[in-house]
There are 2 protein chains.
Amino acid sequence: MKRRNTPTKQAILNLLSQSGKAMSHDAIEDKIDMDINRATIYRILNRFCEDGLVHNIVAEDGKQYFAICMDCDGKSLPDSHFHFRCTSCQTIACLKEKVDFSLPMGYKVESVNCVLTGTCADCS
Amino acid sequence: MKRRNTPTKQAILNLLSQSGKAMSHDAIEDKIDMDINRATIYRILNRFCEDGLVHNIVAEDGKQYFAICMDCDGKSLPDSHFHFRCTSCQTIACLKEKVDFSLPMGYKVESVNCVLTGTCADCS
DNA sequence: TATATTATTGCAACAATGTCGCATTAATAA
DNA sequence: TTATTAATGCGACATTGTTGCAATAATATA
């Protein structure tokens with residue numbers, strides 16, 4: 001399955017990249033200057049995730065947020081970073097702070113999802 | 001609004017307490033030996049959360065999981081612990097490990113949600 | 001350039017999770 | 001025993017996300 005280059009993909013990638021933050025599906029649909037079907041947006045985002053272009057965060061509101069991978073150099077597991085969701089401006093930012101933990105014997109981690117919720121510097 | 005003691009509340013509390021882990025709504029509905037309406041289960045769980053009896057974790061699957069607060073001594077904010085979701089046995093356990101982080105200036109945290117996903121010691 | 005291949009899209013339908021209004025029931029107080 | 005009102009069940013609804021299918025369009029091939 002070779003990927004094809006389409007205007008919709010470009011538009012979503014541009015939006016995510018210029019926002020610099022993680023956006024939920026509805027924020028993307030809202031901000032984008034194009035009429036893209038909901039299902040298509042999800043499919044594009046999921047494909048980006050598969051290809052490692054974008055990563056996915058699930059916040060306390062139960063929604064998925066998507067952000068362009070800035071410094072995910074393939075080994076995204078052990079050095080995952082914290083995310084910060086601001087309830088005022090409704091965005092999620094990737095923090096520089098790495099998530100650090102040690103597990104009891106026998107546990108195997110496949111993915112890490114750490115979201116701090118509150119108000120960001122701009123909003124407080 | 002004074003709380004009342006009902007069989008349904010007791011049953012849910014017993015189930016959560018004997019399971020010792022965090023359970024999702026559907027797991028509760030599945031395991032409980034009583035026919036309780038979906039909305040009622042949610043309302044009971046939400047009330048437990050309000051009263052500080054139970055805490056709420058949102059996992060990567062976007063679902064809410066509820067667990068009895070073991071050592072949440074009121075100040076649940078700064079010393080939040082990690083949670084571990086096992087994709088094999090479908091449970092979430094509270095780990096002893098505390099979440100440790102420092103924030104950039106101006107950020108204010110209201111809640112912490114850290115879930116590690118993988119396979120637990122029993123399943124691997 | 002014209003054509004074939006098939007990835008991508010839009011649409012509709014669907015599933016799952018969670019909430020809410022409202023009438024009824026039942027736990028507590030009087 | 002009765003009155004008060006918290007709790008429940010039911011139905012409807014909102015939101016988030018996925019899937020099947022036919023139509024479209026991006027790439028490869030001739």
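Throughout, a chain's letter reflects where its sequence line sits, starting with A, and its residues are numbered from 1. FYI, side chains are in, hydrogens and waters are out, and symmetry mates aren't considered; it's all heavy atoms of this structure.
- In this structure, of C/dT9, D/dT18, D/dC10, it is C/dT9 that holds the atom nearest to the side chain of A/Lys9.
- Between B/Ile32 atom CD1 and D/dT8 atom P the separation is 11 Å, expressed in whole Å.
- The interatomic distance linking A/Asn5 (CG) with D/dA28 (C1') rounds to 15 Å, in whole Å.
- Picking from D/dT27, C/dA26, D/dC21 the nucleotide with the shortest atom distance to the side chain of A/Arg43 gives D/dC21.
- Without hydrogens or angle criteria, B/Lys31 side chain to B/Leu16 main chain gives no donor-acceptor distance under 3.5 Å.
- Ranking D/dT18, D/dT8, C/dT17 by closeness to the A/Tyr42 side chain, first place goes to D/dT18.
- If you find the closest nucleotide of DNA chain D to B/Pro7 and to A/Asn46, the one lying nearer the 5' end belongs to B/Pro7.
- Within the 4.0 Å cut-off from OP1 or OP2 of D/dT16, not a single side-chain nitrogen or oxygen of A/Ser24 is found.
- Aromatic rings of B/Phe48 and B/Phe66 (six-membered ring for Trp) have centroids beyond the 6.0 Å cut-off, not under it.
- Pairing each heavy atom of A/Thr117 with each of A/Phe84, the nearest pair is C-CZ, 4.4 Å.
- One interatomic measurement links the two molecules: CG of B/Asp30 to P of C/dT17, which rounds to 12 Å at whole-angstrom precision.
- Looking at the side chain of B/Arg38, the nearest of the listed nucleotides C/dG10, D/dA12, C/dC20 is D/dA12.
- In this structure, CG of B/Leu45 is placed 11 Å from P of D/dT8, rounded to the nearest angstrom.
- Dashed line: the shortest gap from a side-chain N or O of B/Thr8 to OP1 or OP2 of D/dA7 is not under 4.0 Å.
- OP1 or OP2 of C/dG18 sits under 4.0 Å from a side-chain N or O of B/Gln64.
- To the nearest 0.5 angstrom, A/Cys114 atom SG is 12.5 Å from A/Lys98 atom NZ.
- Closest-nucleotide positions on DNA chain C for A/Lys2 and B/Phe66 were compared, and the one nearer the 5' end corresponds to A/Lys2.
- Put simply, CG on A/Asp61 is 14 Å from C1' on D/dG17, counting in whole angstrom units.
- The side chain of A/Arg4 lies closest to D/dA26 when the candidates are C/dG18, C/dC11, D/dA26.
- Out of D/dG11, D/dT8, C/dT8, the shortest distance to the side chain of A/Arg47 is found at C/dT8.
- Closest to the A/Lys63 side chain, of the nucleotides D/dG9, D/dT16, C/dT8, is D/dT16.
- Between the side chain of B/Asp51 and the main chain of B/Leu53, no donor-acceptor pair closer than 3.5 Å is present.
- Shown here for B/Val115 and B/Ala59, the closest heavy-atom pair between the two residues is CG2-CA, 4.3 Å.
- Nearest to the side-chain atoms of B/Asn37 among the listed nucleotides C/dG10, C/dT28, D/dG9 stands D/dG9.
- Atom pair B/Ile44:CD1 and C/dC20:P shows a separation of 16 Å (rounding to whole Å applied).
- A/Gln10 has its CD atom 14 Å from the C1' atom of C/dT8, to the nearest Å.
- Heavy atoms of B/Asp35 sit under 4.0 angstrom from primed sugar atoms or phosphate atoms, though from no base atom.
- Each of A/Tyr65 and B/Ile36 has a nearest nucleotide on DNA chain D; the 5'-most of these lies closest to B/Ile36.
- B/Thr40 comes within contact range of at least one nucleobase, with a heavy-atom separation under 4.0 Å.
- Residue A/Glu60 contributes atom CD, which lies 13 Å from atom P of C/dG18 at whole-angstrom precision.
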